[in-house]
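Throughout, protein chains are lettered first and strands after them, A, B, ... in sequence-line order, and every chain is numbered starting at 1.
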There are 2 protein chains.
Amino acid sequence: MNKVFKALSDPTRRKIIEYLKERDMTAGEIANYFDISKPSISHHLSILKNAELVLWEKDGQNVIYSLNTTVVQEVMKWFFDLREGN
Amino acid sequence: MNKVFKALSDPTRRKIIEYLKERDMTAGEIANYFDISKPSISHHLSILKNAELVLWEKDGQNVIYSLNTTVVQEVMKWFFDLREGN
DNA sequence: AAAGTATTTAGATGTTTATTTAAATATCTA
DNA sequence: TAGATATTTAAATAAACATCTAAATACTTT
């Protein structure tokens, strides 16, 4: 769970997650949305992968990333449990 | 919102929040739950204050901290909006 | 097989962050 | 008012992190 919160603490990574909410995308497509280098985006993606916030699949020379809703749910539970009477 | 996620990225700060969920506490009481120095806890509390995740009130020589449920709700909304169809 | 495209890995650099000890500030009590 | 307690601020340090360029790997196309 620490990995997940650490992953979410960076604005670029949160933005990546917001894009992936809309549709699955290749690493290159994701990188095109940002003004930072592809290696840097690749690094952010590996942190998101490691936290299991995103899933990935190889498709030829591309790698397609998608949101892992299961882990998103798990983080939400942490917040839910913060409410009174839990 | 970035401040909030940054604040939540540290395990000590998340633990503080979990304690404050149970009851309001003074800085000293909070510090006693941890094996790190009081100045370090004070620093963590100032980050949580700054992110408005906690509220505080002076009571004599003590400072009483409490959870700010309003901001907790706002973060939860970010996750809710990640669900399909939002 | 060679050249081109997509992605990741490696190594380097500057910044941010968590922590500590020591000192400062504020309040309480005898 | 002097001494004790609670909390924060300051200054220093070591570790973690985001970013870059250059190089490596993997796949596709001609």
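- Atom CD1 of B:I30 and atom P of D:dT7 are 9 Å apart (whole Å).
- Distances from the side chain of B:H44 to the nucleotides D:dT19, C:dT19, C:dT8 place C:dT19 closest.
- Between B:T26 and D:dA6, a side-chain N or O to OP1/OP2 separation shorter than 4.0 Å is absent.
- Within 4.0 Å (heavy atoms only), A:H43 reaches at least one base atom of the nucleic acid.
- Here C:dA10 is the nucleotide among D:dA18, C:dA10, D:dT9 with the atom lying nearest to any side-chain atom of A:P39.
- For A:Y65 and C:dA6, the shortest distance from a side-chain N or O to OP1 or OP2 is not below 4.0 Å.
- Between A:D35 atom CG and D:dA18 atom C1' there is a gap of 15 Å when expressed in whole angstrom units.
- The NZ atom of B:K6 sits 10 Å away from the C1' atom of C:dT17 (whole-angstrom rounding).
- In this structure, NZ on B:K38 lies 9.5 Å from CD1 on B:I41, to the nearest 0.5 angstrom.
- We find the CG-CE distance between B:L82 and A:M76 to be 7.5 Å, quoted to the nearest 0.5 Å.
- No engagement by A:F34 is indicated, since no non-hydrogen atom pair under 4.0 Å with the nucleic acid exists.
- Where A:S9 and B:I41 meet DNA chain D, the nucleotide closest to each residue was compared, and B:I41 sits on the side nearer the 5' end.
- In this model, a side-chain donor or acceptor of B:Q61 finds a partner on the base of D:dT5 within 3.5 Å.
- Taking atom CG of residue A:L45 and atom P of nucleotide D:dT19, one finds them 12 Å apart after rounding to whole Å.
- Between the CG atom of B:D10 and the P atom of C:dT16 there is a distance of 18 Å, given to the nearest Å.
- In the set C:dT7, C:dT27, C:dT19, the nucleotide with an atom closest to the side chain of B:S40 is C:dT19.
- OP1 or OP2 of C:dT7 has at least one side-chain nitrogen or oxygen of A:N62 nearer than 4.0 Å.
- For B:I36, whose side chain is taken as the heavy atoms from C-beta onward, the closest listed nucleotide among C:dT8, C:dT19, C:dA18 is C:dT19.
- Nucleic acid contact for B:S46: none, since no nucleic acid atom lies under 4.0 Å from a heavy atom of the residue.
- Taking side-chain N and O atoms only, A:K38 has no distance below 4.0 Å to OP1 or OP2 of D:dT19.
- For B:G28 and A:S37, each mapped to the nucleotide of DNA chain D holding its nearest heavy atom, the one lying further toward the 5' end belongs to B:G28.
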- Message: For A:E18 and A:K15: C-alpha separation, side-chain torsions, deciding distance, then whether salt bridge (Lys or Arg N to Asp or Glu O under 4.0 Å) applies.
- Response: CA-CA 5 Å; A:E18 287 171 14; A:K15 203 74 195 155; 3.4 Å; yes
- Full working for side chain to side chain contact (heavy atoms under 4.5 Å, CB included) between A:W78 and B:F79: CA-CA 11 Å; A:W78 187 86; B:F79 287 98; over 6 Å; no
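- A close approach under 4.0 Å does not occur between any side-chain nitrogen or oxygen of A:T12 and OP1 or OP2 of D:dA18.
- Interatomic distance, B:N68 CG to B:L20 CG, rounded to the nearest 0.5 Å: 11.0 Å.
- One finds the NE2 atom of A:H43 at 10.0 Å from the CG atom of A:L48 (value rounded to the nearest 0.5 Å).
- Summarising the geometry, the separation between CD1 on B:I16 and P on C:dA18 is reported as 11 Å, rounded to the nearest angstrom.
- Summarising the geometry, the separation between NZ on B:K15 and C1' on C:dA18 is reported as 19 Å, rounded to the nearest angstrom.
- One atom, CD of B:E57, and another, C1' of D:dT8, lie 18 Å apart when rounded to the nearest Å.
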